[in-house]
Trainee: 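Encoded as structure tokens, here's the structure I'll be asking about.
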Amino acid sequence: MGEDRVLVLKTFAAPLELRTRRTLLRQWKDSDLPAWCAMNADAEVRRYFSATLGFEQAVQEAGRIRAAIAQRGWGMWALELPGQMAFAGTVGLHVTTIDAPFVPTVELGWRLCREAWGRGLATEAAQAAMQFAFDQLQLDELTAYTAEENLPSQAVMQRLGMQHDAADDFDHPLIAPGQPLRRHRLFRLRRTAT
Ligand SMILES: CC(C)(COP(=O)(O)OP(=O)(O)OC[C@H]1O[C@@H](n2cnc3c(N)ncnc32)[C@H](O)[C@@H]1OP(=O)(O)O)[C@@H](O)C(=O)NCCC(=O)NCCS
């Protein structure tokens with residue numbers, strides 16, 4: 001692990017929800033799983049990940065995400081578009097566990113079903129998560145990272161006002177040397193910048 005900092009993570013007794021004009025960020029439901037599994041089986045959604053996820057792997061990942069929200073009250077929420085789409089993906093906050101120079105950190109993340117792309121929904125929902133992290137959790141900084149090639153995700157980071165410094169770029173520790181997608185870009189946003 002890298003930076004010599006301690007993260008104090010505020011927890012809440014019950015899962016929190018965030019609302020924006022078009023989105024609801026909420027705790028996951030069992031009924032989200034079919035759409036979540038279909039999304040993670042979509043090669044276009046998983047284009048900048050190492051592989052698509054099989055049903056079991058996807059269910060396990062959803063379980064870990066849901067447990068993290070149950071534990072802290074916040075996390076990678078299920079994204080609902082009220083009146084339109086019961087489940088459109090996930091957006092929120094993740095306590096990074098990889099061994100990287102910028103850890104410990106809380107990162108912003110997003111993964112949307114293809115039908116929800118191109119409407120500004122990832123940015124709108126991530127803005128709410130960002131405000132929550134700064135106002136309620138009182139975090140000093142948020143990060144986000146993705147493969148160098150994942151320009152759509154970097155565009156979300158830029159729309160959120162996050163800054164990229166090439167000196168922070170890193171090789172993802174869980175992607176083997178020589179594999180495509182290993183090189184990652186890190187973006188940061190300080191609380192004072194919002
Ligand atoms: C990364 C990802 C969430 C980005 O989704 P996105 O739809 O491009 O991002 P946004 O929700 O911010 O939408 C922005 C787009 O909506 C358009 N848009 C349309 N209506 C809009 C509105 N009312 N408000 C804002 N933007 C709008 C914008 O012009 C922009 O389009 P452009 O990229 O053609 O310029 C999506 O590509 C994805 O889920 N990818 C797969 C998973 C992934 O890679 N996750 C990141 C891993 S680190």
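Start at 1 and go down the list; that is how both ligands and their atoms are numbered. Any value given below was found using the heavy atoms of this structure, including those in side chains, with hydrogens, waters and symmetry copies removed.
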Trainee: For atom 37 (O) of ligand 1, what's the nearest protein heavy atom and its distance?
Mentor: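 Answer, as residue, atom name and distance: Trp117 CE2, 3.7 Å.
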Trainee: Is atom 35 (O) of ligand 1 less than 4.0 angstrom from at least one protein heavy atom?
Mentor: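 Flag for atom 35 (O) of ligand 1 set to false, no protein heavy atom closer than 4.0 Å.
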Trainee: Tell me which part of Val156 gets within contact of ligand 1: side chain, backbone, both or neither, using heavy atoms under 4.0 Å.
Mentor: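 Contact part for Val156 vs ligand 1: side chain (C-beta onward).
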Trainee: Are Leu16 and Leu139 linked, directly or through other ILVMFWY residues, by side chains that come within less than 4.5 angstrom of each other?
Mentor: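 Shared cluster, yes.
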Trainee: Do you see a donor-acceptor pair shorter than 3.5 Å between the side chains of Arg191 and Gln138?
Mentor: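 Distance-only check passes for Arg191 and Gln138.
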Trainee: Considering only heavy atoms from C-beta outward, does the side chain of Leu137 approach that of Trp74 to under 4.5 Å?
Mentor: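 SC-SC contact between Leu137 and Trp74 confirmed.
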Trainee: Provide, to 0.1 Å, the distance between atom 22 (C) of ligand 1 and the closest protein heavy atom, together with that atom's residue and name.
Mentor: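 Checking every protein heavy atom, the shortest distance to atom 22 (C) of ligand 1 gives Arg119 O, 3.4 Å.
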Trainee: Please report whether ligand 1 has a polar contact with Pro152, defined as an N or O pair separated by less than 3.5 Å (distance criterion only).
Mentor: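 No, there is no polar N/O contact under 3.5 Å.
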Trainee: Would you please say whether a donor-acceptor pair under 3.5 Å links the side chains of Thr23 and Glu124?
Mentor: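 Not at all, the side chains of Thr23 and Glu124 share no donor-acceptor pair under 3.5 Å.
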Trainee: With heavy atoms of Phe49 as the reference, note each atom of ligand 1 found under 4.0 Å away.
Mentor: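 Contacts of ligand 1 toward Phe49, numbered from 1: 42 (C), 43 (C), 44 (O), 47 (C).
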Trainee: Can you find an N/O atom of Thr123 closer than 3.5 Å to an N/O atom of ligand 1?
Mentor: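 Among all N and O atoms of Thr123, at least one is under 3.5 Å from an N or O of ligand 1.
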Trainee: Are Trp117 and Leu25 linked, directly or through other ILVMFWY residues, by side chains that come within less than 4.5 angstrom of each other?
Mentor: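 Trp117 and Leu25: one cluster.
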Trainee: Looking only at protein heavy atoms, which one is nearest to atom 2 (C) of ligand 1, and what is the separation?
Mentor: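 Here the nearest protein heavy atom works out to Trp110 CD1, 4.4 Å.
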Trainee: For Gly118, state whether at least one heavy atom is located under 4.0 Å from any atom of ligand 1.
Mentor: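 Under 4.0 Å: yes for Gly118.
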Trainee: Within a distance of under 4.0 Å, is there any protein heavy atom near atom 44 (O) of ligand 1?
Mentor: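 Under the 4.0 Å cut-off, atom 44 (O) of ligand 1 does have protein heavy-atom neighbours.
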Trainee: Where does the angle between the aromatic ring planes of Phe132 and Trp77 fall among parallel (under 30°), tilted (30 to 60°) and perpendicular (over 60°)?
Mentor: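 Plane angle over 60°, so perpendicular.
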Trainee: Report yes if Tyr145 has an N/O atom closer than 3.5 Å to an N/O atom of ligand 1; otherwise report no.
Mentor: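 No, since none of the N or O atoms of Tyr145 sits under 3.5 Å from an N or O of ligand 1.
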Trainee: Which heavy atom of the protein is the closest neighbour of atom 13 (O) of ligand 1, given with residue, atom name and distance?
Mentor: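 Going by distance alone, atom 13 (O) of ligand 1 is nearest to Gly120 N, 2.9 Å.
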Trainee: May I ask you to check if ligand 1 and Leu112 share an N or O to N or O distance below 3.5 Å?
Mentor: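 Yes, there is a polar N/O contact under 3.5 Å.
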Trainee: State yes or no: do Trp28 and Leu53 share one hydrophobic cluster built from I, L, V, M, F, W and Y residues joined by side-chain heavy-atom distances below 4.5 Å, directly or via other members?
Mentor: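 In one cluster: no.
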Trainee: Is any side-chain heavy atom of Asp30 less than 4.5 Å from a side-chain heavy atom of Arg66?
Mentor: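 In short, these two side chains touch, coming nearer than 4.5 Å.
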Trainee: So, is Thr146 polar-close to ligand 1, with some N/O to N/O distance under 3.5 Å?
Mentor: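 Between Thr146 and ligand 1, no N or O pair is found under 3.5 Å apart.
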Trainee: Flag yes if Leu181 and Phe170 sit in one hydrophobic cluster, no otherwise; membership is Ile, Leu, Val, Met, Phe, Trp, Tyr, and two members link when side-chain heavy atoms are under 4.5 Å apart.
Mentor: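 No, separate clusters.
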Trainee: Within a 6.0 Å radius of atom CZ on Phe55, are there more than 12 heavy atoms belonging to other residues, nucleotides or ligands?
Mentor: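 Not more than 12 within 6.0 Å, no.
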Trainee: Hey, is Arg22 one of the residues with a heavy atom under 4.0 angstrom from ligand 1?
Mentor: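 So Arg22 counts as touching ligand 1.
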Trainee: Take atom CD of Glu17 as the centre, draw a 6.0 Å sphere, and report whether it contains more than 12 heavy atoms from other residues, nucleotides or ligands.
Mentor: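 Check passes, neighbour count above 12.
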Trainee: Take atom 29 (O) of ligand 1 and look for protein heavy atoms under 4.0 Å from it; say yes if you find one, no if not.
Mentor: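 There is no protein heavy atom less than 4.0 Å from atom 29 (O) of ligand 1.
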Trainee: Do protein heavy atoms approach atom 26 (N) of ligand 1 to less than 4.0 Å?
Mentor: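 Yes, there is a protein heavy atom closer to it than 4.0 Å.
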Trainee: If you draw a 6.0 Å radius around CZ in Arg19, do more than 12 non-hydrogen atoms from other residues or ligands fall strictly inside?
Mentor: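 For Arg19, atom CZ is not crowded (no more than 12 foreign heavy atoms under 6.0 Å).
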Trainee: Between Tyr48 and ligand 1, does any nitrogen or oxygen pair lie at a separation below 3.5 Å?
Mentor: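 Between Tyr48 and ligand 1, no N or O pair is found under 3.5 Å apart.
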Trainee: Could you tell me whether some N/O pair between Ala122 and ligand 1 is separated by less than 3.5 angstrom?
Mentor: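 Yes, since at least one N or O of Ala122 sits under 3.5 Å from an N or O of ligand 1.
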Trainee: Regarding atom 14 (C) of ligand 1: of the candidates Arg159, Arg185, Arg111, which has the closest heavy atom?
Mentor: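 The nearest heavy atom belongs to Arg159.
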Trainee: Is there a path of hydrophobic side-chain contacts, each under 4.5 Å between heavy atoms, that joins Tyr48 and Leu151?
Mentor: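 Tyr48 and Leu151: separate clusters.
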Trainee: Provide, to 0.1 Å, the distance between atom 41 (C) of ligand 1 and the closest protein heavy atom, together with that atom's residue and name.
Mentor: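 It is Val45 O, 3.2 Å.
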Trainee: Quiz question for you: does at least one protein heavy atom lie closer than 4.0 Å to atom 39 (O) of ligand 1?
Mentor: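 Under the 4.0 Å cut-off, atom 39 (O) of ligand 1 does have protein heavy-atom neighbours.
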Trainee: N/O of Leu121 under 3.5 Å from N/O of ligand 1, yes or no?
Mentor: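 So ligand 1 has an N or O lying under 3.5 Å from an N or O of Leu121.
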Trainee: Find out whether Pro152 and Asn150 are in side-chain contact, i.e. whether some heavy atom of one side chain is under 4.5 Å from a heavy atom of the other.
Mentor: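 In contact.
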